2 protein chains.
Amino acid sequence: MAQSSAPSVGSVARALDLVELIVGGPENGMTLSEIAKAVGGSKSAVLATLRTLVDFGYLRIVDPGPKYLPGMMLIRLGDLASARDPLITIARPLLEELSAKSGLTIRVARNDGGYPVFIYRVDGPGFVRFHTPLGIRELPHVSSAGKAILAELTDEEIESVVKESGLISRTKNSITKVAELKKELEHIRKVGFATDDEEDAQGIFCVGATFFDHFGKCIGAISATGVKTDMTDAQVSSLGKLIIKYADRVTDEIHGRKISRRAR
Amino acid sequence: MAQSSAPSVGSVARALDLVELIVGGPENGMTLSEIAKAVGGSKSAVLATLRTLVDFGYLRIVDPGPKYLPGMMLIRLGDLASARDPLITIARPLLEELSAKSGLTIRVARNDGGYPVFIYRVDGPGFVRFHTPLGIRELPHVSSAGKAILAELTDEEIESVVKESGLISRTKNSITKVAELKKELEHIRKVGFATDDEEDAQGIFCVGATFFDHFGKCIGAISATGVKTDMTDAQVSSLGKLIIKYADRVTDEIHGRKISRRAR
DNA sequence: AACGGTGTTCGGCAATACAGAACGGACATT
DNA sequence: AATGTCCGTTCTGTATTGCCGAACACCGTT
């Protein structure tokens, strides 16, 4: 999947492929044969790797079958990584406050080379549960957090990201033309927050705003997500003010706590 | 760390040791030399493994240094594993409802061979943030969830678990004698819920109750955690009724949704 | 009862993951 | 400014070890 220029360990890569396969696999687990066939390896080699992963809790076995399922160590590592992340630690109480105040789902994303990577989420009380994945690069041009981050980049960086990710159309509102995107980013710079008006999913509306480290570099964005029908122009405007206010509070906290700059 | 009887893959085990080391390591990351020294391997071999883990997002590098930190894939995998876990999916709305109603921190644990393994948590609105890890076996005798689970085991199973885990004293209230524990478990069976009266940590009070799969087997427990000073006898009693009610609702949902039985 | 499908075990070969030394750069010290 | 020490990185050889394929054992079905 991932590619680097330098020496790496093949058996580890194969093992991690297995984890991803099973985590993304069927709800009720996968059998050894299915897994071996999926990765194109021998059953004996795959079995040894699976055993190692089970020993470490990355996978677990359910009988009868036996079938392999995601293990509880994954939950543990995710929880620990979240608890240790200074940005999440800073943002969490603010997100919870904002979610309680607005009744919306609030998320925080890192700026990962121009792409938004959501790392924490506080669900609103609504019945609608969005399946918003964490910890992975999202399309930058169809989310409010992504567009807010894009608006902080230079023109060269924007073009580079857009060329790489492509202006994929997710709904009929998605921005698919570079010129249109640039105009939108200009507007975002003016008002200070970005919107997502059903550009990623039908019926979903978001607003987002960026925050900055002590070098002044944009290191991420927060966003609020709700259903489109709830949104009048006046509400968008006041929600925009609110999201800017909380993004600024994140910035303030970062400056107060001297958060470390992100890696490249 | 973990041990099995069968063939396993050494380089994968070493790689996963690295992940645990770094996740449990210092806040600002570890350098290659530190890591190599900690695991007792050569720098070149450790470097190759680290590169692989970075490629897959399990670790990330921050400059300058370079230092290695937990990567965002860990958050992603934890989130996915949670989202896929049928027990978490069932329990989550109930936990949130109970947390909102009681103002307490609510957790759900699996019964993992007699040990409680907390897999999801809904923090209460209080200022006190408990560092309650997820995804790992906890001491059974010092938590309400653990004691509630123990109370569902046979005498042989109880003795086996207690012999293995040991009746370690965490506070002056911790139960350290087997006879006392059995008496307590008898009481729990009678009233239907378990308490933790500052047995794990000073000033912390919990109540917990179990739920069951469609074989009638106890597969876990939920618990509510608060500060001791808030707890009058009357409140403990009404909280006990409440936790039983919600645990029963979890059981009902499990039966309705035909959850799969746990391994073993 | 025999077959297709499992998961598991066992040798043998070759790939490959490891160790160690040598390089090059950054920083601190003198 | 020069030197020394630490770091990360690269390289090459060696032997470890992880892989394959076949054979075995086990259910369920036909």
Side-chain angles (χ1 to χ4, degrees), chain A residues 1-19 21-22 25-26 28-56 58-69 71 260-261 263-264, chain B residues 1-22 25-26 28-56 58-69 71 260-264:
Chain A
M1 316 257 130
Q3 184 96 330
S4 108
S5 51
S8 66
V9 182
S11 32
V12 174
R14 276 182 286 269
L16 301 187
D17 278 337
L18 290 190
V19 173
L21 175 70
I22 289 162
N28 48 325
M30 297 179 75
T31 65
L32 171 60
S33 299
E34 289 170 354
I35 298 165
K37 184 178 293 181
V39 300
S42 70
K43 285 195 290 181
S44 52
V46 170
L47 178 61
T49 307
L50 288 173
R51 284 224 171 95
T52 309
L53 291 168
V54 169
D55 283 351
F56 279 79
Y58 283 59
L59 300 178
R60 71 181 215 267
I61 300 179
V62 21
D63 292 319
K67 288 183 171 235
Y68 292 87
L69 285 169
S260 65
R261 184 174 56 155
R264 283 291 274 108
Chain B
M1 318 254 128
Q3 185 97 332
S4 110
S5 52
S8 66
V9 183
S11 32
V12 174
R14 276 182 283 269
L16 301 187
D17 278 337
L18 290 189
V19 173
E20 286 191 42
L21 175 70
I22 289 163
N28 48 325
M30 297 179 74
T31 66
L32 171 61
S33 299
E34 288 169 355
I35 297 164
K37 184 178 291 180
V39 299
S42 70
K43 285 194 289 181
S44 53
V46 170
L47 178 62
T49 307
L50 288 173
R51 286 224 170 95
T52 308
L53 292 168
V54 169
D55 282 351
F56 278 79
Y58 283 59
L59 301 178
R60 69 181 217 267
I61 302 179
V62 332
D63 292 318
K67 286 180 171 237
Y68 292 86
L69 285 169
S260 64
R261 185 173 55 155
R262 273 226 65 240
R264 291 285 229 92

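On a predicted model such as this, the values are computed, not experimentally measured, just so you know. All values below come from the heavy atoms of this structure, side chains included, with hydrogens, waters and symmetry mates left out. Every chain is numbered from 1 and lettered A, B, ... according to where its sequence line falls, protein lines coming before strand lines.
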Report task. Could you tell me whether the side chain of B:L50 reaches within less than 4.5 Å of the side chain of B:Y58, counting heavy atoms only? Result -> no
For nucleotides 24-30 of chain D, list the nitrogen or oxygen atoms of the protein found under 3.5 Å from its nitrogen or oxygen atoms, one pair per line.
none

**Message:** Does C:dA17 have OP1 or OP2 under 4.0 Å away from a side-chain N or O of B:R14?
**Reply:** no
Sequence neighbours excluded, the answer for side-chain hydrogen bond (donor to acceptor under 3.5 Å, both in side chains) partners of B:S42 is B:S44
With sequence neighbours left out, the residues meeting side-chain contact (heavy atoms from CB on, under 4.5 Å) with A:A13 are B:T52, B:F56
One should report the stems of DNA chain D, each a stretch of at least three consecutive Watson-Crick or G-U pairs at distances under 3.5 Å, as C:7-23 with D:8-24, C:25-30 with D:1-6
Whole-Å distance, B:K67 NZ to C:dA26 P, equals 18 Å
Residue set satisfying side-chain hydrogen bond (donor to acceptor under 3.5 Å, both in side chains) with A:T49, at least two apart, ordered chain then number -> none
From CG of A:L53 across to C1' of D:dG18 the rounded distance in Å is 14 Å
How far apart are the C-alpha atoms of B:L21 and B:M30, what are their side-chain angles, what is the distance that settles it, and do they pass the side chain to side chain contact (heavy atoms under 4.5 Å, CB included) test? CA-CA 9 Å; B:L21 175 70; B:M30 297 179 74; 4.0 Å; yes
What are the atom names and distances for every N/O pair under 3.5 Å that joins the protein to nucleotides 5-8 of chain C?
from	atom 1	to	atom 2	distance (Å)
C:dG7	OP1	A:L32	N	2.9
C:dG7	OP2	A:S33	N	3.2
C:dG7	OP2	A:S33	OG	2.5
C:dG7	N7	A:K43	NZ	3.2

The reported gap from CG in A:L16 to CG in B:D55 (rounded to nearest 0.5 angstrom) is 10.0 Å
Are A:Y68 and A:V62 side-chain neighbours, meaning at least one heavy-atom pair lies under 4.5 Å?
no
**Asked** B:N28 and B:L69: side chain to side chain contact (heavy atoms under 4.5 Å, CB included), yes or no, with the steps?
**Response** CA-CA 7 Å; B:N28 48 325; B:L69 285 169; 5.8 Å; no
